[in-house]
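The first residue in the sequence is number 1, and the count goes up from there. Below, each value reflects all heavy atoms present in this structure, side chains not excepted, and no hydrogens, waters or symmetry copies. Counting starts at 1 for both ligands and their atoms, following the listed order.
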Amino acid sequence: MFDLLLRGATVVNATGVLRADLAVGGGRVAALLEPQADAAARVERRVDGCFLLPGLVDAHVHLREPGLTHKEDFASGTRAAAAGGVTTLLDMPTDDPWTDSAATLADKMRLATGRLQVDVGFQVALRRALQHADLAAIRALGPVSFEVFTADVPDDYLHAQQSELVSALRMLREFDVLAGVSPGDQSLLDVAPAGHDVAAFVASRPPLAEASGIARAVLAAAESGARVHVRQTNSALGIATWRRMRDLADVSIETTPQCLLFTADDYAQHGANLKASPPMRTEHDRVALLATLREGLIDIVATDHAPHTKEEKAARYASFAQVPGGMPGVQTLLATMLHFVEQGAIDLPALVRMCATNPAQRFGLGRSKGALAPGRDADILVLDLAQYTSISDAAQHSRAAYTPFAGMRVRGKLDSVYLRGALAYTDQQTAASFPPPAGKVIGELAHGHA
Ligand SMILES: [Zn+2]
C-alpha cells in the first residue's frame, strides 16, 4: 500500500519524459508504474494530462534572515518558494551578520528550524583570513557551498588577488567542498562612479570585469583542483570566455531569468526595481546568453532572489549606483522558465536539468533531490500546460511585494506542490492558509559543533 498515487500524468526528468503513474511511500518516490497499473494507495489522485516535475532547486537565494527581516524572512521567503514550485533553496550568506563561521551558521540553522515551507541549504562566506580549524568546524555543519568573492564586497571577504583566490580554493579542495565564485575583477570596477545615472552604474561594472572574473575562477579551479560554481553571468564576453575555458577544470556556471529577459533599456520602465549586480546589459549580450542556454551550455538557472521593500526601492538616492541591489525571483523561477519553453528555446527536460537536477547534483543533494526516481524525495510539481499563469504583483508572497515580471503571461500553471509526499502548495493558497512548515534545514545541526 502506497501513501500517494498520482495517476494519468507525464513524468518529466532531465533525461526525458515518460507516461507513468507515480507512487509515493515514506516521503520518497516509491515507483514509476505503468499507466493504470494495479496498485493501491491511501490517497489516489487523478492528474490526467498534467506533467509531474521534480521540485525545483534554486541555488541562489537571499532570505535576509538574520538581521534584515523587514526585507524577507525564513517564513515569507519559503512561502514564495513553495508558491513558485521551488521545493529546495540554497540560502546565501550575505545577511546581517554575514554567515562566515560555525557559530553564525549554527545560529542561522537554529533560527530557520520549524519555520520553513520548503527545504533550505546554507552557503557560507569565506573570509580571507579563515584558518583550517575554522573551516573544519563549519564543514561539520554541512553547508552546501563556500562563497568566495573576488570583487565588490567588504575587505574581509575580498579575494582581489589571483594568489588569494588560488589559496582559498586549495583549502576548499582539501575539504572537498564546492566553491561558489561570484565573478568580478576589483581592478576593473569603478567603485564610486562619477556619474549619478543608470549609464554610469552600468559602465561601472563592465563585461570585461565579469569575463576576467570567469577566467580567473576557471584557472584557479584548474590549478587547485577545487570544484567551482561560477555565479550569475550575463555578458556576451563572459559567456564567450566560458565557452573557451570551461573544459579546463571542474566548473559550472549560472545565470538568472532576469538576465535572460531584460536589457539595460528596461531600466527606463522599471528603474530601481531592476537594479542589481551584475547590471543588465545590451540586447547583444542577452541574445548571446539565450543562445548559450539553448545549446545546453548553461548548467544552472537560479534566481538571485534578493528582495528589498518597496519603500527602500522607491526612496531617493544620490546616485543610481546607491539604490539597494537585487530583486525578488524565487516565486517566478518556474513561470519565467516556462516562457522559454513556450518560445521553443528549451524543452521541459532542459528546464528540469537547469533548475532541479544540476543544482541538486552540484550542491551535493543529488541523492535526494532533482529527479523523480525511486528513492528520491517525493518533491513533486503538478503542472497543467492547458492553463496559463499571469504573473502579478498581487500574487507575490515575498516581502518585496512586487515582481519585475508582472504582466507576463505564460503557458502552464502550477496546480500543486508536494514536499516529501505532503501537499506544500495548491493554487488556491493564501499566505494564511499554507500548511504547517514542513521544510527541513539541510545540514548536520543536530551533530554539529554548536
Ligand atoms: Zn546574490
Distance flag, aromatic centroids of Y425 and Y418, threshold under 6.0 Å: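 Here the rings of Y425 and Y418 have centres that are no less than 6.0 Å from each other.
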Side chain to side chain donor-acceptor pair (under 3.5 Å) against D156, all qualifying residues, sequence neighbours excluded: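 Expected list: R127.
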Protein N/O/S count near the Zn ion (ligand 1) (criterion: distance under 2.8 Å):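 Protein N, O or S neighbours of the Zn ion (ligand 1) under 2.8 Å, waters not counted, come to 3.
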Less than 3.5 Å apart, which donor and acceptor atoms pair up between the side chains of residues 352-363 and the rest of the protein, not counting sequence neighbours?
{"from": "T357", "atom 1": "OG1", "to": "G370", "atom 2": "O", "distance (Å)": "2.8"}
{"from": "N358", "atom 1": "ND2", "to": "D299", "atom 2": "O", "distance (Å)": "2.8"}
{"from": "R362", "atom 1": "NE", "to": "S252", "atom 2": "OG", "distance (Å)": "2.8"}
{"from": "R362", "atom 1": "NH1", "to": "D250", "atom 2": "OD1", "distance (Å)": "2.8"}
{"from": "R362", "atom 1": "NH2", "to": "V228", "atom 2": "O", "distance (Å)": "3.0"}
{"from": "R362", "atom 1": "NH2", "to": "D250", "atom 2": "O", "distance (Å)": "3.0"}
{"from": "R362", "atom 1": "NH2", "to": "D250", "atom 2": "OD1", "distance (Å)": "3.1"}

Lys/Arg cation over aromatic F201: K275, 6.0 Å, 45° cone: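 Yes; both conditions hold, so K275 lies above the ring face of F201.
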Quiz item: cation-pi between R115 and F74, 6.0 Å / 45°: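 Judged by the rule (NZ or CZ under 6.0 Å from the ring centre, within 45° of its axis), R115 is not positioned above F74.
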Only pairs under 3.5 Å count here: list side-chain donor-acceptor contacts from residues 334-345, not counting sequence neighbours, and write none if there are none.
{"from": "T336", "atom 1": "OG1", "to": "T332", "atom 2": "O", "distance (Å)": "2.6"}
{"from": "T336", "atom 1": "OG1", "to": "L333", "atom 2": "O", "distance (Å)": "3.1"}
{"from": "E342", "atom 1": "OE1", "to": "R411", "atom 2": "N", "distance (Å)": "3.1"}

